[in-house]
Amino acid sequence: MSRAALLVLADGRFPAGGHAHSGGAEAAVKAGRITGAASLAEFCRGRLHTTGLVAASLAAAAALGVDPVRLHEAADARTPAPALRVAARKLGRQLMRAARVAWPSAELDALAAQFPKGAHQPVVLGVAARAAGLGPEDAAYCAVYESVSGPATAVVRLLSLDPFDATAVLARLAPELDLVVDRAVEAARAVVDEGVDALPAASAPLLEVGAETHAAWAVRLFAS
């Protein structure tokens, strides 16, 4: 296993399309729920322990070799908002394109053929981590970091927030990222014996509602 591969996969410059998505931050800014660093921290904390946990569990399970089709279906069941399903599949398709070039793999090829319009991004992330020789913990760390770094980066643009303050938010959340990764990997390992029902299904209703509202905007800076 090469830990350097983890740095490549988690790098914000990896061409996986995440820069075009705010993780719900754009809708939250417009609704007045994010106004600065303190409210950004609360938003990211909530996202981490809900959608971040679910994404990390799916990615870890895929990295363990659990059937990605079953995981894609499980992701669908845990994503009630159609707008978020569309976003997850678009991100999955873009990540797939980049991963197949970086780490050619029969498993990635098979998943791409199964879902030509894109599988859910956390599932693709886990299969990509597996192709890169990484383990479930690595896949989970990528997922949880993406769950908070995307909104933090977006808010810098949306509110002209000081990048140092946004980075401080991420740094102070680091211990909680560790905890969520531990929970995600434990759940992923349980899937091997208990099936996909062992995966967490933590919900974030405001993110779901905000995503549907955001998708209807005529003008927006981010895709989701």
Side-chain angles (χ1 to χ4, degrees), residues 9 16 21 23-24 44-93 95-96 99 105-132 134-148 150 176-212 224:
L9 188 58
H21 296 261
C44 288
R45 179 171 289 109
R47 199 168 192 277
L48 170 65
H49 288 280
T50 54
T51 58
L53 172 62
V54 172
S57 301
L58 288 162
L64 282 169
V66 176
D67 181 2
V69 175
R70 291 170 58 212
L71 293 174
H72 174 85
E73 293 169 350
D76 247 4
R78 288 159 174 77
T79 313
L84 290 181
R85 291 187 185 186
V86 169
R89 290 168 179 165
K90 284 183 177 178
L91 284 167
R93 184 170 66 247
L95 174 57
M96 177 67 78
S105 157
E107 289 183 86
L108 285 170
D109 292 344
L111 185 59
Q114 182 77 28
F115 297 102
K117 294 184 178 181
H120 275 263
Q121 192 268 358
V123 179
V124 179
L125 175 60
V127 178
R130 184 175 170 87
L134 299 171
E137 292 86 359
D138 301 308
Y141 267 110
C142 283
V144 296
Y145 184 68
E146 286 175 0
S147 76
V148 294
E176 292 183 58
L177 265 66
D178 291 337
L179 293 174
V180 172
V181 165
D182 288 344
R183 290 179 60 195
V185 173
E186 181 181 1
R189 294 191 188 283
V191 171
V192 176
D193 297 321
E194 302 172 25
V196 294
D197 286 346
L199 292 170
S203 64
L206 275 178
L207 285 178
E208 303 283 345
V209 172
E212 290 301 307
S224 70

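Computed from a prediction, not measured in an experiment: that's the story for all the values here.
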If you round to the nearest 0.5 Å, how far is [atom2] of [Y] from [atom1] of [X]?
| X | Y | atom1 | atom2 | answer |
| --- | --- | --- | --- | --- |
| Met96 | Leu111 | CE | CG | 4.0 Å |
| Lys90 | Leu95 | NZ | CG | 16.0 Å |
| Arg130 | Asp138 | CZ | CG | 13.5 Å |
| Ser224 | His21 | OG | NE2 | 4.5 Å |
| Thr50 | Arg45 | OG1 | CZ | 12.5 Å |

Please find the pair of heavy atoms, one from [X] and one from [Y], that lie closest to each other, and give the distance.
| X | Y | answer |
| --- | --- | --- |
| Pro122 | Ala55 | CB-O, 3.5 Å |
| Pro136 | Arg189 | CG-NH2, 3.7 Å |
| Ser57 | Ala188 | O-CB, 3.8 Å |
| Val196 | Ala74 | CB-CB, 4.1 Å |
| Thr51 | Ala204 | CG2-CB, 4.3 Å |
| Leu108 | Ala131 | CD1-CB, 3.8 Å |

Note, [X] side chain near [Y] side chain (heavy atom, < 4.5 Å):
| X | Y | result |
| --- | --- | --- |
| Leu125 | Glu146 | yes |
| Leu58 | His120 | no |
| Thr79 | Val54 | no |

Any Lys/Arg nitrogen of Arg78 or Glu208 sitting under 4.0 Å from an Asp/Glu carboxylate oxygen of the other? no
Atom [atom1] of [X] with >12 non-hydrogen neighbours under 6.0 angstrom:
| X | atom1 | value |
| --- | --- | --- |
| Glu212 | CD | yes |
| Arg70 | CZ | yes |
| Tyr145 | OH | no |

So does [Y] get a backbone contact from the side chain of [X], meaning a donor-acceptor N/O pair under 3.5 Å?
| X | Y | result |
| --- | --- | --- |
| Glu137 | Val181 | no |
| Ser105 | Glu107 | yes |
| Asp182 | Leu179 | no |
| Arg85 | Asp76 | yes |

